[in-house]
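Not measured: the values here are computed from a predicted model. Order of the sequence lines fixes the chain letters, A, B, ..., with proteins taken first and strands second; residue numbering starts at 1 for each chain.
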Amino acid sequence: MKNPKKNDFFEQVYEVTKKIPFGRVTSYGAIARILGSPQSSRLVGYALNNSQSLNNYIPAHRVVNRNGLLTGKHHFGGETLMQQLLENEGIQVEDDSIVDFEKFFWDPVELLKH
DNA sequence: ATTCTGACAGCAA
DNA sequence: TTTGCTGCCAGAA
């Protein structure tokens, strides 16, 4: 995934998101950071939004903001769909916020070290 | 070509 | 502690 010049930013976001382990979550900022643009976190959310129209399965529900808040839940159709997806993976969600967020947080930087 | 818009993050009040 | 403003950068219009 180290090919910043030819790969689309969006595509890189998808790749990282797909590699989020089951039952783990990460943040928009973490993804932006791993792509070399720590301040493009907004673009990450923008990309995930676009990903819904793709055929690829992208676990976008595993991406939340830095506080573990389900800021993008409204883009999952229902009001509780995103939450249910997370709970289905064993992640507790309370008041649109992930319980023990730090505990489930997965930093994409893990991909770089083999 | 120019303007507007975010599924964010950081910092100032 | 909570609320609000600002920077960011790639698409869409």
Review point. How many Å lie between OH on A/Tyr46 and C1' on B/dC4, as a whole number?
Key: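 From A/Tyr46 OH to B/dC4 C1': 10 Å.
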**Study point:** Protein-nucleotide distance (A/Ile98, atom CD1; B/dA7, atom C1'), rounded to Å
**Key:**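 One finds 13 Å between C1' of B/dA7 and CD1 of A/Ile98, rounded.
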Would you say the side chain of [X] and the base of [N] hold a donor-acceptor pair, judged only by whether the two atoms sit under 3.5 Å apart?
X	N	answer
A/Arg42	C/dG7	yes
A/Ser41	B/dC8	yes
A/Tyr28	B/dA7	yes

Anything under 3.5 Å between a donor and an acceptor, one on a side chain of residues 23-44 of chain A, the other on a protein residue two or more places apart or in another chain? List them.
| residue | atom | partner | partner atom | Å |
| --- | --- | --- | --- | --- |
| A/Arg24 | NE | A/Phe104 | O | 3.1 |
| A/Arg24 | NH2 | A/Phe105 | O | 3.0 |
| A/Thr26 | OG1 | A/Trp106 | O | 2.9 |
| A/Ser27 | OG | A/Ala30 | N | 3.1 |
| A/Tyr28 | OH | A/Val63 | O | 3.4 |

Side chain of [X], heavy atoms from C-beta onward: which of [options] has the nearest atom to it?
X	options	value
A/Asn65	B/dC8, C/dG11, B/dG6	B/dC8
A/Gln39	B/dA7, C/dC8, B/dC8	C/dC8
A/Ser27	B/dC8, C/dA10, B/dA9	B/dA9

Review point. By a strict heavy-atom criterion of less than 4.0 Å, which residues belonging to residues 66-86 of chain A are in contact with DNA chain B?
Key: A/Arg66, A/Thr71, A/Gly72, A/His75, A/Phe76
Check your understanding: Listed in order of residue number, which residues of residues 47-58 of chain A have a non-hydrogen atom at under 4.0 Å from DNA chain B?
Key ->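 Residues of residues 47-58 of chain A that come under 4.0 Å of DNA chain B are, in numerical order, A/Leu48, A/Asn49, A/Gln52.
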Review point. Are the side chain of A/Ser97 and the backbone of A/Glu94 linked by a donor-acceptor contact shorter than 3.5 Å?
Key: no
Review point. Does any N or O in the side chain of A/Asn56 come within less than 3.5 Å of the main-chain N or O of A/Ile58, such that one atom is a donor and the other an acceptor?
Key: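 No; judged by distance alone, with no hydrogens or angles, the pair does not exist.
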Review point. With no hydrogens and no angle check, do the side chains of A/His61 and A/Gln84 hold a donor and an acceptor under 3.5 Å apart?
Key: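 A/His61 vs A/Gln84: no donor-acceptor pair found between side chains.
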